[in-house]
Every structure is written in structure tokens, then in C-alpha cells.
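What follows is a short report on a single structure.
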Amino acid sequence: ITGDDTDGNVARLCGKAARPLRGDISDALGAWTKELAVAAVCVYPSRVAVAAAAAKKAGNKYGVAAVATGFPSGQYPLSTRLEEIKLAVASGATEIDVVINRTLALLNKWQELYDEVRTMREACGSAHLKVILGVGELGSLTTVHRASLVSMMAGADFIKTSTGKESVNATLPIGLVMCRAIRNYYERTGYKVGFKPAGGIRTAKDSLSWLVLIKEELGNEWLNRDLFRIGASSLLTDIERQLFHYVTGRYAAAHELPM
């Protein structure tokens, strides 16, 4: 998700999403790896049509997510943010990643924040709604917890830490607070909401800490693509790099495992 995205870049990314591992690595690991795919490809609304066409060609092995509602700041009129959601869904997005207006959270305008997210939920229709909190700009863990609860009450299918554009993104203390909010919400309502840390998770070793967090705080039921995801294309590259080392006994150079 950068300003220099092109249709060609998105198509190539979708190819990687459908087949995350290089052919020879996949062959060495076994036939089961042929079915591996990422959970979703995330693009700007203007690139949704290209991503949706590629996903269809790949047999819809992964979802197409669109960042919307004035990503990454959320500082746009609600009317234009809702229109962005509708256009993305019409273009083929199966998931919508919205960003909350952090100003409302910082000023404790929780009812207004709830109303905005609820309206976004309705605009998504059948598409899944992931709500990005932008935790690095919320000021305190208390505000992160409250924003998590409000987003879930308003209809979020996932709550997500960050846009990846803030100075502070996914950290384990923030993840712990959000996971406990999810657990509290589940205990009160019986409804499971997914969790997605994003930003700053770049290595396979980093991901292990997050897997442990989910297992310990939410349980094995959350350890699947429907309730837990990690947002980081660079992480996929490192996982492939580690598997390359497992198969060959050496680490691949950067150009050997292109994204």
C-alpha cells in the first residue's frame, strides 16, 4: 500500500498471494504446501478491480481487502469515507479496512465514534469489516482498550492495531490490551472478533511472539485465518527465507525470493 502502486505491481502481489512459496521450496516440503495461500491481499480502492480479477483467476483462494475511509488518517468527511467503502465493495472487495477518526477517541466522544463505525458497518454490506485503531496515535492503553470495545460493539469483524504509517505500530503490550478486550467482549456476548497486528512485524521470530500471545490470551480457537492475521508482506518474505534455509541449508539472497 504505497503511492507508487500500479496495476502490474498489484497483479504480481496477487500472484505471490496465491502461491506464497517458490516452486522448488514447495516441492521439497511436500504436496500440502500447494494449497497454501495468504488470507487476503490489501490494496487501495483504486486497485481493487485488478486484485479481484486476479483473485478470481486463482480460484478465490484469498480475499481482497481495501483500505478505505481516508486511509491512513481518517480525517475526511464521513460522507466521502462511506462513499469510498461503497465504491470498493462495488469493485469486488470482500473485506474493508477502515480507520477510525482518532480525534473522537482522544476527546472521549465514544458515542460519536460508535455511530461512525456502525454506519461504516452498514456500508460494507456483506463484506467483512476490519477496524484499524491507529494505536500509535491514541495516547494511552486505556484509550486503546475503549476504542477496541467501541469498535466491536459497532460491528467490527476484526480489530487491527495500525495502518503501518504511524511511528508506533504493533507492539506486544498494545496487542495484550486488545486481546483482553476481545476476550472480555466474547465472554459477555458470545461473539468472536478477530485480531490483526500490523506494522513492524518483519521476521518469523517476531511472529512467534504473537502466536504465543493469541494462544495464551484467546486460545487455540483464534489460531486460524478467520480470527487471527498478521499484516506484513515483509514477514512473508522472511518466512519463505527460513523455509529456504530449512530445505537447502543456506539463506537465500534477497533477489532469490522476490515479493
Side-chain angles (χ1 to χ4, degrees), residues 1-2 9-10 12-43 55 58 61-65 67 95 97 130 132-133 135-136 158-179 182 194-259:
I1 306 173
T2 58
N9 288 346
V10 170
R12 186 175 72 249
L13 182 65
C14 289
K16 186 70 171 178
R19 294 199 63 181
L21 298 181
R22 214 173 74 174
D24 57 335
I25 302 174
S26 182
D27 291 340
L29 291 173
W32 64 273
T33 60
K34 304 295 184 184
E35 301 303 316
L36 290 177
V38 302
V41 170
C42 193
V43 296
K61 293 173 67 176
Y62 56 86
V64 176
V67 291
E95 304 177 8
D97 288 27
K130 299 203 292 292
I132 305 170
L133 304 185
V135 293
F158 263 79
I159 53 174
K160 182 175 172 180
T161 59
S162 322
T163 65
K165 311 295 185 184
E166 296 91 31
S167 57
V168 176
N169 295 290
T171 66
L172 287 171
I174 289 171
L176 176 62
V177 168
M178 293 177 69
C179 284
I182 290 172
F195 174 60
K196 182 176 180 180
I201 305 171
R202 296 185 176 88
T203 68
K205 286 183 179 179
D206 290 339
S207 71
L208 293 177
S209 299
W210 289 95
L211 288 167
V212 170
L213 174 66
I214 297 301
K215 181 177 176 64
E216 293 298 322
E217 291 296 322
L218 297 174
N220 290 339
E221 294 177 68
W222 262 262
L223 288 174
N224 60 74
R225 62 190 282 175
D226 295 324
L227 290 171
F228 176 60
R229 299 181 188 176
I230 297 176
S233 56
S234 57
L235 171 60
L236 177 58
T237 300
D238 190 64
I239 291 173
E240 188 177 18
R241 181 170 173 265
Q242 299 302 329
L243 292 174
F244 183 96
H245 181 273
Y246 175 79
V247 169
T248 67
R250 69 176 181 87
Y251 281 110
H255 69 273
E256 294 181 88
L257 302 172
M259 172 52 66

*side-chain contact (heavy atoms from CB on, under 4.5 Å) partner of Pro197, chosen from Val135, Ile230, Thr171*: Ile230
*asked:* Quick test of your reading: applying ring pair (Phe, Tyr, Trp, His ring centres under 6.0 Å), list the pairs with at least one residue in residues 221-243, sequence neighbours left out, ordered by first then second residue.
replied: Tyr186-Trp222
Can you tell me how far the [atom1] atom of [X] sits from the [atom2] atom of [Y], to the nearest 0.5 Å?
X	Y	atom1	atom2	value
Ile239	Ser207	CD1	OG	5.0 Å
Cys42	Lys130	SG	NZ	6.0 Å
Met178	Leu176	CE	CG	11.5 Å
Leu257	Leu236	CG	CG	9.5 Å
Asn9	Cys14	CG	SG	11.0 Å

*Under 3.5 Å, is there a donor-acceptor pair between the side chain of Ser26 and the main chain of Gly23?*
no
*asked:* Applying side chain to side chain contact (heavy atoms under 4.5 Å, CB included), can you list everything that pairs with Ala31, at least two apart in sequence or on another chain?
replied: none
_Using the side chain to side chain contact (heavy atoms under 4.5 Å, CB included) criterion, which residues pair with Tyr251? Sequence neighbours excluded._
Arg241, Gln242, His245
*Keeping to residues at least two apart or across chains, list the salt bridge (Lys or Arg N to Asp or Glu O under 4.0 Å) pairs with something in residues 242-259.*
Arg250-Glu256
*Taking only residues at least two apart or on different chains, which pairs with a member in residues 14-31 satisfy salt bridge (Lys or Arg N to Asp or Glu O under 4.0 Å)?*
Lys16-Glu240, Arg22-Asp24, Asp27-Lys34
Which residues share a side chain to side chain donor-acceptor pair (under 3.5 Å) with [X], sequence neighbours left out:
X	value
Lys61	none
Thr203	Asp206
Thr163	Glu166
Asp226	none

Solution key, residues 209-216 side-chain donor-acceptor pairs under 3.5 Å, sequence neighbours excluded:
{"from": "Lys215", "atom 1": "NZ", "to": "Asn220", "atom 2": "OD1", "distance (Å)": "2.8"}

*Hey, does Thr161 have a side-chain heavy atom less than 4.5 Å from the side chain of Asn169?*
no
*Just wondering, more than 12 heavy atoms not from Arg202 lying within 6.0 Å of its CZ?*
no
*Could I get the full list of salt bridge (Lys or Arg N to Asp or Glu O under 4.0 Å) partners for Lys160, not counting sequence neighbours?*
Asp97
_Residues in salt bridge (Lys or Arg N to Asp or Glu O under 4.0 Å) contact with Glu217, at least two apart in sequence or another chain_ = Arg180, Arg183
